[in-house]
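First listed ligand is number 1; within each ligand, the first listed atom is number 1.
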Amino acid sequence: MIGLRKSLVFTFALAALTLLAAGCSSEEKKYIIATDTTFAPFEYTDEKGSFVGADLDILAAIAKDQGFKYELRPLGFDAAVAALESNQADGVIAGMSITDKRKEKYNFSDPYYVSHIVVAIAAGNDSIKSYADLADKTVAAKTGTEGAKFAESIAEKYKFKIRYFADSPTMYEDVKTGNTVACFEDSPVMAYGITKNNGLKIVEDPSESSPSSSYGFAVMKSHQANQKLLTMFQAGLAKIKQNGELKGIMKKYNLNYDF
Ligand code: GLN
C-alpha cells in the first residue's frame with residue numbers, strides 16, 4: 001500500500017516535472033512554417049543548391065526581430081495549405097494571396113507584396129493572342145491557387161479546359177512542350193521566370209480584368225495556439241517595413257516594393 005506521504009511526494013514530483021517540461025517546450029518552441037517548393041523569387045533553389053527567396057528572407061528577418069525559432073517545410077502550395085489545415089504546420093508563407101474566401105478559414109498578416117494573375121504561353125507560340133484563342137484548348141493551372149481559380153472563373157466563357165499541376169516548373173514545362181497551350185500564374189513569378197529564360201511569354205488581353213491580390217502570412221483561424229505566431233509576425237513585419245529591411249529584400253530579388 002502506498003502511504004499518504006509517499007503519494008504526496010509522488011504528486012509533487014510529477015507536478016514539478018510537468019512544469020519543467022512546459023517551461024522547456026515554450027522556450028524551445030520551434031514553429032513549423034510550410035512553403036512552396038518553387039515559386040521564384042519568393043522561394044526556390046538557387047544555382048548553389050540553397051533554398052532561398054524573398055519569403056524566406058522576410059521570415060528570417062521577422063523571426064530574428066521577434067526572437068522565435070522555426071523550421072521551414074517546402075511542401076508545394078497546395079500541400080502547404082493542407083499541412084496548415086491538418087495542424088502539421090503552424091503557418092504558411094508561400095506568396096499566398098489574401099482573399100476574402102480564405103479569410104473565412106485563415107488569419108492573415110498585413111500584406112507584404114501586391115500581385116495579379118497573368119496568362120503565359122510558349123515563347124514561340126504566335127497563335128494565342130487573347131482569351132478567345134483558348135477556345136477548345138487545354139490550359140494549365142496550379143492546384144489550389146488563385147491562378148487556378150481565375151482560370152476556372154472564365155473557362156466556360158472562353159470554352160477551354162484546365163489541367164492541374166502541383167508546382168509551377170512542371171506547369172511551365174507542360175506549356176513549353178505544347179501539351180497545354182497556356183498557364184495561369186502570378187505576375188511577379190512569371191515576370192521573374194521570363195528574365196531567367198523559362199521559355200514563356202505573357203499574353204496581354206484586357207478583356208478580363210485579372211484579379212489582383214496581396215501576399216500575406218497565414219495561420220489557421222481555428223488553431224488558437226498559432227495566433228501568437230501571427231501577432232509576432234505582424235509586429236516583425238511592421239518593423240521591417242518601417243526600418244527599410246523589407247524594401248531591401250524586395251530590391252535584392254528585383255521585386256516591386258509596394259508599401
Ligand atoms: N498567390 C497564389 C495563391 O495564393 C499562388 C501562390 C503559390 O503558387 N505559391 O493562390
Side-chain angles (χ1 to χ4, degrees), residues 32-45 51-59 72-85 89 91-120 139-155 162-175 180 182-194 196 198 200 202 208-221 230 233 237 249-250 253 255-256 258:
I32 306 294
I33 310 295
T35 186
D36 204 341
T37 47
T38 313
F39 200 56
F42 294 93
E43 44 267 348
Y44 62 102
T45 303
F51 194 55
V52 297
D55 278 347
L56 275 61
D57 286 9
I58 291 167
L59 180 62
L72 209 58
R73 297 266 164 87
L75 302 173
F77 184 72
D78 198 41
V81 174
L84 187 69
E85 300 206 353
V92 167
I93 188 159
M96 184 172 179
S97 304
I98 304 168
T99 67
D100 286 341
K101 182 98 189 101
R102 285 178 180 165
K103 276 199 230 162
E104 292 169 12
K105 269 185 170 176
Y106 321 116
N107 281 331
F108 284 97
S109 70
D110 282 336
Y112 60 84
Y113 192 81
V114 181
S115 166
H116 66 274
I117 312 289
V118 293
V119 177
V139 306
K142 192 159 126 189
T143 309
T145 62
E146 283 306 292
K149 226 175 105 201
F150 177 52
E152 286 154 12
S153 75
I154 59 168
I162 307 168
R163 191 172 298 151
Y164 294 89
F165 296 86
D167 62 272
S168 293
T170 316
M171 173 168 85
Y172 301 167
E173 222 31 64
D174 203 70
V175 175
T180 43
C183 62
F184 288 67
E185 179 63 287
D186 284 12
S187 52
V189 174
M190 184 51 67
Y192 185 90
I194 289 171
K196 299 285 173 205
N198 69 357
L200 302 179
I202 291 172
E208 297 295 330
S209 66
S210 111
S212 83
S213 62
S214 301
Y215 292 170
F217 173 77
V219 301
M220 201 68 193
K221 248 190 184 154
L230 180 61
F233 191 94
L237 180 60
I249 292 170
M250 292 309 177
Y253 293 100
L255 289 161
N256 292 331
D258 304 303

ask   = Is there a heavy atom in Phe42 that sits closer than 4.0 Å to ligand 1?
value = no

ask   = Nearest protein heavy-atom contact for atom 1 (N) of ligand 1: which residue, which atom, what distance?
value = Asp186 OD2, 2.6 Å

query = When you measure from atom 10 (O) of ligand 1 to every protein heavy atom, which one gives the shortest distance, and what is it?
reply = Glu146 N, 2.7 Å

key: Subset of ligand 1 atoms that lie under 4.0 Å from at least one heavy atom of Met96   = 4 (O)

ask   = Does any N/O atom on Ser97 come nearer than 3.5 Å to any N/O atom on ligand 1?
value = yes

ask   = Heavy-atom distance to atom 7 (C) of ligand 1: which of Phe39, Tyr113, Phe184 wins?
value = Phe39

Considering all heavy atoms, the nearest Ile162-Ala141 contact = CG2-CB, 3.8 Å

inquiry  = Does the plane of the ring in Phe39 sit parallel, tilted or perpendicular to the ring in Tyr215? Use 30° and 60° as the thresholds.
reply    = tilted

task = Provide the number and element of each atom of ligand 1 under 4.0 Å from a heavy atom of Tyr215.
result = 1 (N)

request  = Please say which of Val189, Asn256, Leu255, Asp186 ends up in a side-chain contact (heavy atoms from CB on, under 4.5 Å) with Ser115.
outcome  = Asp186

Nitrogen or oxygen atoms of Arg102 and ligand 1 under 3.5 Å apart = yes

ask   = For atom 6 (C) of ligand 1, what is the nearest protein heavy atom, given as residue, atom name and distance?
value = Gly95 O, 3.3 Å

request  = Please could you name the atoms of ligand 1 that Lys142 approaches to less than 4.0 Å, counting only its heavy atoms?
outcome  = 7 (C), 8 (O), 9 (N)

inquiry  = Ignoring hydrogens and geometry beyond distance, is a side-chain donor-acceptor pair present between Asp55 and Tyr112 at under 3.5 Å?
reply    = yes

task = Looking only at non-hydrogen atoms, find the nearest pair between Pro41 and Pro188 and report the distance.
result = CD-O, 4.1 Å

request  = Could you tell me which atoms of ligand 1, counted from 1 in the order shown, lie closer than 4.0 angstrom to a heavy atom of Ala94?
outcome  = 6 (C), 7 (C), 9 (N)

ask   = Of all the heavy atoms in Lys149, does at least one lie under 4.0 Å from an atom in ligand 1?
value = no

ask   = Using a heavy-atom cut-off of under 4.0 Å, does the side chain or the backbone of Thr145 touch ligand 1, or both, or neither?
value = both

ask   = Do you see a donor-acceptor pair shorter than 3.5 Å between the side chains of Asp174 and Thr180?
value = yes

Identified salt bridge (Lys or Arg N to Asp or Glu O under 4.0 Å) partner of Lys142 from the options Asp78, Asp167, Asp36 = Asp36

query = Can a salt bridge be assigned to the pair Lys149 and Glu152 using a cut-off of 4.0 Å between side-chain N and carboxylate O?
reply = no

message = Any donor-acceptor pair under 3.5 Å linking the side-chain atoms of Glu146 with those of Ser213?
response = no

